[in-house]
Amino acid sequence: MQRNQSFALVALFAALMAVLGLIPKIDLPLGVPITLQTLGVMLAGCLLGPRRAFQALVLFLVAVAIGLPLLSGGRGGFGVFFTPSAGYLLAWPVGALVTGLVMQSMPANSPRQIALSAFVASALGGLLVIHASGVVGLMGIAGMSLTQALIGTSAFVPGDLIKCVLTAVVCHTVARGL
């Protein structure tokens, strides 16, 4: 792929993350909102591949860090990386990278296989990696015990599994279109 196309895809997925941030968040008592932005992490990993997905999410987080209000609820600025959601946010590039690596290693001979691969990749990178980092963040920043952090992050799992299904559907549709 040409370099300009690669830059365009990275920027496009960073912009997609911003658009997903426009959808209102659902605040939870533990200080971490439910948003659709993890769907963007999963889609980036599955559709861009590991390197470009990582770059897209780093670009997005840099834009957030410099103060652009791109996170759900209009949040932005360096301070968001010192809130209970910091562990989740900082895991987004790694989650996209892992999702992309898993996606590359899975079968892709048919749209159905691509969809199944996308579900598995999203579950491992977009769910497991992000939640593991989120638990560490909740323990470090919010001062929760491991048990409290695991219980807290479990509130996100049903919605994130739905996002894995949506990612699989999008990948299936893209594969059929190609």
Side-chain angles (χ1 to χ4, degrees), residues 1-21 23 32 34-64 70-72 85-138 149-150 152-178:
M1 179 174 293
Q2 290 182 351
R3 189 176 199 134
N4 289 339
Q5 287 176 321
S6 185
F7 286 145
L9 287 172
V10 166
L12 178 68
F13 271 82
L16 173 65
M17 288 294 293
V19 169
L20 290 171
I23 297 164
V32 181
I34 295 174
T35 74
L36 278 183
Q37 289 181 300
T38 49
L39 175 63
V41 174
M42 296 172 188
L43 287 170
C46 288
L47 296 173
L48 292 182
R51 185 178 56 83
R52 286 193 305 266
F54 180 83
Q55 291 169 341
L57 274 295
V58 167
L59 174 62
F60 178 78
L61 290 180
V62 166
V64 168
L70 302 177
L71 293 174
S72 189
S85 61
Y88 296 94
L89 296 175
L90 293 172
W92 285 357
V94 177
L97 175 77
V98 170
T99 300
L101 289 170
V102 172
M103 188 70 184
Q104 280 184 345
S105 70
M106 301 279 296
N109 297 325
S110 70
R112 175 175 263 152
Q113 281 185 331
I114 289 170
L116 181 59
S117 297
F119 180 84
V120 171
S122 295
L124 293 176
L127 197 150
L128 186 63
V129 167
I130 291 173
H131 284 276
S133 179
V135 165
V136 171
L138 289 172
L150 287 171
T153 201
S154 68
F156 299 100
V157 174
D160 285 346
L161 286 172
I162 292 170
K163 293 172 197 171
C164 292
V165 170
L166 288 172
T167 300
V169 168
V170 168
C171 290
H172 181 269
T173 303
V174 169
R176 285 189 58 193
L178 293 175

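A quick note: this is a predicted structure, and the numbers were derived from the prediction, not measured. Atom set for the values below is all heavy atoms of this structure, side chains included, hydrogens, waters and symmetry mates excluded.
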Distance-only donor-acceptor hits, side chain of residues 8-15, under 3.5 Å, sequence neighbours excluded:
none

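- Residues passing the side chain to side chain contact (heavy atoms under 4.5 Å, CB included) test with Ala96 are Val41, Ala53, Leu57, sequence neighbours excluded.
- Listed by first and then second residue, the ring-ring contact (aromatic ring centres under 6.0 Å, His included) pairs that reach into residues 86-110 are Tyr88-His131, Tyr88-Phe156, sequence neighbours excluded.
- Judged as a salt bridge (Lys or Arg N to Asp or Glu O under 4.0 Å), the pairs with a partner in residues 153-175 (not counting sequence neighbours) are, in order, Asp160-Lys163.
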Pair up each side-chain donor or acceptor in residues 168-178 with any protein partner under 3.5 Å, not counting sequence neighbours, and list the distances.
{"unit_1": "Thr173", "atom_1": "OG1", "unit_2": "Val169", "atom_2": "O", "d": "2.9"}

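- Using a distance-only test at 3.5 Å, with no hydrogens or angles considered, no donor-acceptor pair links the side chain of Thr167 to the main chain of Ser122.
- For the pair Gln55 (side chain) and Pro50 (backbone), a donor-acceptor distance under 3.5 Å is absent.
- In this structure, the side chain to side chain contact (heavy atoms under 4.5 Å, CB included) partners of Ala121, at least two apart in sequence or on a different chain, are Cys46, Thr99, Val102, Met103.
- In this structure Ile162 satisfies the side chain to side chain contact (heavy atoms under 4.5 Å, CB included) test together with Leu166, sequence neighbours excluded.
- By the side chain to side chain contact (heavy atoms under 4.5 Å, CB included) test, Ala86 is found to be paired with Ile141, residues two or more places apart in sequence or in another chain being considered.
- With sequence neighbours excluded, the residues that form a side-chain hydrogen bond (donor to acceptor under 3.5 Å, both in side chains) with Asn109 are Gln113.
- In this structure, Gln104 has no side-chain hydrogen bond (donor to acceptor under 3.5 Å, both in side chains) partners at least two apart in sequence or on a different chain.
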